[in-house]
Amino acid sequence: MRGWWQDLTDLVLPAECEGCGRPRALLCAACRAALCGSAPCRVRPEPEPPGLPVVHAAAPYADSVRAVLLAHKERGALGLAGPLGKALAEAVRAGARGGAPEPSGLREPPGLQEPLEPPGPREPPDPPHRSDTAARSWVDGTHGGSQGRTAPLALVPVPSSRASVRARGQDPARRIALAAAGELRRAGIPARVLAVLRQRRAVADQAGLDSRQRQANLAGALEVTAGGGRLLLAAGAGRIVVVDDLMTTGASLAEAVRAVHDAYRDAIHDLHKEKNTRVEAVRGRGTDTVRRPSMGRQNAITAAVVAAPPDSFGINRN
């Protein structure tokens with residue numbers, strides 16, 4: 001009877017902090033501060049894989065942060081999704097605040113330098129509307145799309161393999177992404193999760209592989225689900241953010257961005273074909289100009305993670 005009561009009590013009042021082992025707390029104040037208490041930073045692995053976007057992380061992957069992530073991922077401590085989502089939301093916000101093009105001397109990922117739109121003259125922006133003013137302050141300052149309107153965030157989680165999801169009973173990155181989107185919306189920032197990525201082939205266990213081996217292991221491993229390209233295209237006025245719980249070498253994020261980028265291009269190509277090489281017109285208010293879907297500055301692919309190796313924080317060249 002005592003054992004049954006103890007098990008039931010542990011469900012309501014966790015036996016110990018998942019970060020440090022302190023009693024009667026799912027996550028104690030000190031471990032919560034380690035996870036969410038510092039300003040997120042831009043991180044870069046060394047070596048940096050080709051195609052890696054700008055990545056922001058909430059905390060170094062060490063000590064209590066490492067323990068919390070492992071507890072959520074491997075031991076099914078689902079109650080940690082809330083604080084992990086809060087940390088990820090802060091990393092997403094940091095990326096949005098710093099989302100301007102990189103200064104001279106820093107490079108963008110290959111293939112993202114030019115907007116994804118048909119050749120031809122660019123159309124002038126729509127005239128401003130009275131309702132735009134409040135929408136521009138959704139990320140601690142003024143930020144809008146190319147027409148000055150609120151740019152919604154589209155969080156695209158890096159997927160776990162089907163075998164891992166079956167074994168764990170969940171997809172950790174997707175669960176954290178959903179919690180992060182909720183945090184962002186509560187802060188007045190439009191956000192949604194687009195779980196459009198999936199593995200197209202089996203990959204080897206990444207444990208023990210170095211950066212180059214991981215890149216080779218993951219090359220071409222991800223794809224966007226049927227119809228996912230249209231969802232990404234519909235999010236074209238916003239910012240696509242690839243999210244994960246952890247960045248190690250950056251190979252998974254780079255592969256995810258490649259798959260999203262390819263699907264976006266394919267969706268535009270399909271749209272051209274459906275309209276006899278004419279992009280579906282989206283007419284601005286009070287003007288006859290036409291806006292075309294693009295992946296330019298206002299829709300650049302960035303990435304955000306809960307944690308990254310401590311040494312990747314030291315390679316911050318911002």
Side-chain angles (χ1 to χ4, degrees), residues 40-45 48-58 84-85 87-99 102 108-112 116 139 151-161 171-181 183-184 189 191-200 203 206 214-215 218-225 228-229 231-236 238-267 295-308 312:
C41 296
R42 182 173 178 183
V43 290
R44 290 184 173 184
E48 184 175 342
L52 185 71
V54 173
V55 185
H56 283 78
L84 288 170
L88 181 60
E90 289 302 314
V92 170
R93 291 178 65 161
R97 286 193 296 265
E102 292 184 316
E108 293 177 326
L112 295 184
L116 292 180
V139 183
L153 296 171
L155 308 188
V156 180
V158 176
S160 298
S161 67
D171 186 330
R174 181 174 182 175
R175 184 178 292 273
I176 295 172
L178 289 167
E183 286 285 338
L184 291 166
I189 301 171
R192 63 181 298 198
V193 174
L194 297 182
V196 296
L197 287 172
R198 68 181 179 188
Q199 286 195 347
R200 65 189 301 179
V203 297
Q206 298 270 80
R214 289 189 179 210
Q215 291 175 48
L218 292 173
L222 297 180
E223 66 179 358
V224 170
T225 57
L231 293 175
L232 294 168
L233 197 58
R239 181 176 297 277
I240 297 173
V241 187
V242 173
V243 297
D244 206 350
D245 56 352
L246 174 66
M247 182 193 76
T248 49
T249 66
S252 296
L253 292 175
E255 170 60 15
V257 167
R258 181 215 51 85
V260 169
H261 185 253
D262 288 354
Y264 198 102
R265 280 192 183 277
D266 290 346
M295 190 175 284
R297 294 178 180 179
Q298 284 74 32
N299 199 24
I301 300 177
T302 58
V305 295
V306 175
S312 66

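One is the number of the first residue; the rest follow in order along the sequence. Because only heavy atoms are used, hydrogens play no part in the values below, and waters and symmetry mates are left out as well, while side chains stay in. Bear in mind the structure is a predicted one, so any value in this text is a computation, not a measurement.
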Tell me the closest heavy-atom pair linking A87 and A58, and the distance in Å. O-CB, 3.4 Å
Beyond-backbone contact of T249 with P49, side-chain heavy atoms, under 4.5 angstrom: no
Minimum heavy-atom distance D171-V158, with the two atoms named: OD1-O, 4.4 Å
Applying salt bridge (charged side-chain N to carboxylate O under 4.0 Å, His left out), name anything that partners E223, two or more places apart in sequence or on another chain. R198, R200
Within-4.5 Å side-chain heavy-atom neighbours: Q215 and P50: yes
Got a sec, which residues hit side chain to side chain donor-acceptor pair (under 3.5 Å) with D245, two or more places apart in sequence or on another chain? K73
Please tell me if the side chains of T248 and R214 come closer than 4.5 Å, counting only heavy atoms from C-beta onward. yes
Audit row: V224, L197, side-chain contact (heavy atoms from CB on, under 4.5 Å) steps and yes/no: CA-CA 5 Å; V224 170; L197 287 172; 3.8 Å; yes
Provide the closest heavy-atom pair for G229 versus A267 in the form atom of the first, atom of the second, distance. O-CB, 3.6 Å
Taking every non-hydrogen atom, the tightest pair across L194 and P157: O-CD, 3.6 Å
d(L88 CG, L178 CG) to nearest 0.5 Å is 10.5 Å
Please enumerate all residues that pass salt bridge (charged side-chain N to carboxylate O under 4.0 Å, His left out) together with D266, with sequence neighbours excluded. none
Residues two or more places apart in sequence or in another chain: which of them pass side chain to side chain donor-acceptor pair (under 3.5 Å) with T225? none
I189 vs V92, test: side-chain contact (heavy atoms from CB on, under 4.5 Å). Steps then yes/no. CA-CA 11 Å; I189 301 171; V92 170; over 6 Å; no
Once rounded to the nearest 0.5 Å, what's the spacing between atom CZ of R44 and atom CE of M247? 10.5 Å
Decide yes or no on side-chain contact (heavy atoms from CB on, under 4.5 Å) for Y264 and I240, but give the supporting numbers first. CA-CA 11 Å; Y264 198 102; I240 297 173; 4.1 Å; yes
Closest non-hydrogen atom pair, A94 against P40: CB-CB, 3.9 Å
For R258, all residues meeting side chain to side chain donor-acceptor pair (under 3.5 Å), sequence neighbours excluded: E255, D262
Decide yes or no for P45 and L52: does some side-chain heavy atom of the first lie under 4.5 Å from some side-chain heavy atom of the second? yes
Suppose we screen for salt bridge (charged side-chain N to carboxylate O under 4.0 Å, His left out). Which residues come up paired with R192, at least two apart in sequence or across chains? none
Apply the side-chain contact (heavy atoms from CB on, under 4.5 Å) test between T302 and each candidate in V242, L253, V243, V241; give the one that qualifies. V241
